[in-house]
Amino acid sequence: KQEVTQIPAALSVPEGENLVLNCSFTDSAIYNLQWFRQDPGKGLTSLLLIQSSQREQTSGRLNASLDKSSGRSTLYIAASQPGDSATYLCAVSLLSGFQKLVFGTGTRLLVSP
Amino acid sequence: DTEVTQTPKHLVMGMTNKKSLKCEQHMGHRAMYWYKQKAKKPPELMFVYSYEKLSINESVPSRFSPECPNSSLLNLHLHALQPEDSALYLCASSQEPGGETQYFGPGTRLLVL
């Protein structure tokens with residue numbers, strides 16, 4: 001059974017810092033990996049999608065990397081802003097059933113002014 | 001238009017009530033999903049509709065009954081729910097079933113008394 005873990009569970013940083021969020025998964029037979037953002041009580045917003053054949057994806061201040069063999073992904077946020085405060089979730093879809101997303105436990109990020 | 005809409009935003013119901021949640025997208029997506037999210041937990045997949053046919057049912061109790069009347073609309077019919085069913089119910093859609101970016105709605109916050 002695929003298990004997805006995110007470390008740290010919570011992170012508090014001052015504005016302007018660069019930061020890294022970690023995601024690990026137990027089964028490397030994945031179709032792709034996605035990073036989402038969720039504001040309190042709201043739906044999810046897709047940030048980046050990395051196919052299993054790719055190593056990284058970039059969008060603005062966000063950069064996500066994928067090391068499928070070691071079962072790890074990182075989300076790098078450059079020059080953090082208070083508006084980045086949210087919960088960040090990674091999710092993998094499996095080769096054996098790629099319609100299903102398995103979500104990680106999430107990292108709650110607080111960026112203070 | 002990359003929007004998934006959900007109604008109602010909030011719902012309070014008794015254990016003997018029958019209610020329905022509605023989800024709509026006009027992006028021409030052929031896959032639609034229902035997720036359940038408890039407080040401070042990641043979303044958990046409930047159902048997947050692929051080309052208007054139910055393709056995944058994650059062993060969800062029969063008191064939850066999904067329906068896909070057409071390619072733009074997804075309903076979740078609720079009957080005889082339990083207090084532990086109180087959660088945020090999220091709808092999502094993707095261009096094709098599986099392996100694609102999923103677009104999420106804002107969710108329906110359900111409270112069962």
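Computed from a predicted structure; not experimentally measured. The analysis underlying the following values was restricted to heavy atoms, covering all of them including side chains, and did not include hydrogens, waters or symmetry mates. Chain identifiers are assigned alphabetically (A, B, ...) following the order of the sequence lines, protein sequences preceding nucleic acid strands; residue numbering begins at 1 within each chain.
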* Asked: Looking at NZ of B:K41 and OG1 of A:T105, how far apart are the two atoms once the value is rounded to the nearest 0.5 Å?
  -> 9.0 Å

* Rounded distance [0.5 Å steps], CD in B:E58 versus NZ in A:K100 -> 3.5 Å

* Verify the cluster assignment for B:L78 and B:M32: are they in a single hydrophobic cluster under the rule of side-chain heavy atoms below 4.5 Å apart? => yes

* To do: Let me know if B:S94 has heavy atoms under 4.5 Å from chain A in its side chain, its backbone, both or neither.
  => neither

* Asked: A:G41 and B:R109: which non-hydrogen atoms are nearest, and at how many Å?
  -> CA-NH2, 3.5 Å

* Straight-line distance of A:L89 CG to B:Q37 CD, nearest 0.5 Å -> 7.0 Å

* Asked: Can you name the nearest heavy-atom pair linking A:G104 to B:P42, along with the distance?
  -> O-CB, 3.1 Å

* How many angstroms lie between CG in A:L47 and OG1 in B:T101, if you round to the nearest 0.5 Å? -> 10.5 Å

* **Same apolar cluster: B:F64 and B:L74, side chain cutoff 4.5 Å** => yes

* Write down the atom of B:L90, the atom of A:Q38, and the distance for their closest heavy-atom approach. => CD1-NE2, 4.4 Å

* For the hydrophobic clusters of this structure (ILVMFWY residues joined by side-chain heavy atoms under 4.5 Å, transitively), does one cluster hold both B:M46 and A:L44? -> no

* Structure fact -> Bottom line for B:E44: the part with an atom under 4.5 Å from chain A's heavy atoms is neither

* Asked: Between B:F104 and B:W34, is there a shared hydrophobic cluster once you connect ILVMFWY residues whose side-chain heavy atoms come closer than 4.5 Å?
  -> no

* To do: Would you give the length of the straight line joining atom CG of A:L101 to atom OH of B:Y35, rounded to the nearest 0.5 angstrom?
  => 4.0 Å

